[in-house]
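Just below is one structure, and these are the notes that go with it.
This chain uses plain numbering: 1 for the first residue, then up along the sequence. If you're wondering where the values come from, they're calculated on a predicted model, not measured in any experiment.
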Amino acid sequence: MDTELIRKLVENAEESGSSKYRAYVLKKQDQSYELLMNGKQMAKFIVTGYEQGYLENNASKTDYQIKTVASLEKFLTGQY
C-alpha cells in the first residue's frame, strides 16, 4: 500500500493546520483530522498508524466510510 499521499497531507496539516489536494482539504483539529470536499465534511478520523493502515473513529455523516489509509488514498485519487 502506497501511503505517501496520506503521509504528506497529514504532515502538512500538522505544520500549518491544514493541507489541500485537488478539491479536498484536510484540517487538523486537536488530535483528529477532518476531510472536507468543497467545504463539505467527508470524514473525521484519527490516524492510529500508517503501517497498520487503520483510521480510527470515523465520524463522517456521509454514506462513504473511510476506515483505512488505503481507502482514503483511493478516495482522494478518485479510484473509489
Please report the interatomic distance [atom1]([X]) to [atom2]([Y]), rounded to the nearest 0.5 Å.
{"X": "L35", "Y": "K44", "atom1": "CG", "atom2": "NZ", "result": "12.5 Å"}
{"X": "L9", "Y": "Y24", "atom1": "CG", "atom2": "OH", "result": "11.5 Å"}
{"X": "K20", "Y": "L36", "atom1": "NZ", "atom2": "CG", "result": "10.0 Å"}
{"X": "L26", "Y": "E14", "atom1": "CG", "atom2": "CD", "result": "9.5 Å"}

Original post:
Where do S19 and N12 come nearest, in terms of heavy atoms and distance?
Top reply: CB-CB, 3.4 Å
**OP:** Indicate yes or no for a side-chain donor-acceptor contact from K40 to the backbone of M42 under 3.5 Å, with no hydrogens or angles considered.
**Re:** no
**OP:** Give a yes or no on whether M37 and Y21 share a hydrophobic cluster (residues Ile, Leu, Val, Met, Phe, Trp, Tyr; joining criterion: side-chain heavy atoms under 4.5 Å apart).
**Re:** yes
Original post:
Do V25 and V10 share a hydrophobic cluster, counting only Ile, Leu, Val, Met, Phe, Trp and Tyr and linking them when any side-chain heavy atoms are less than 4.5 Å apart?
Top reply: no
**OP:** Apply the side-chain contact (heavy atoms from CB on, under 4.5 Å) test between S18 and each candidate in K27, E34, Q29; give the one that qualifies.
**Re:** K27
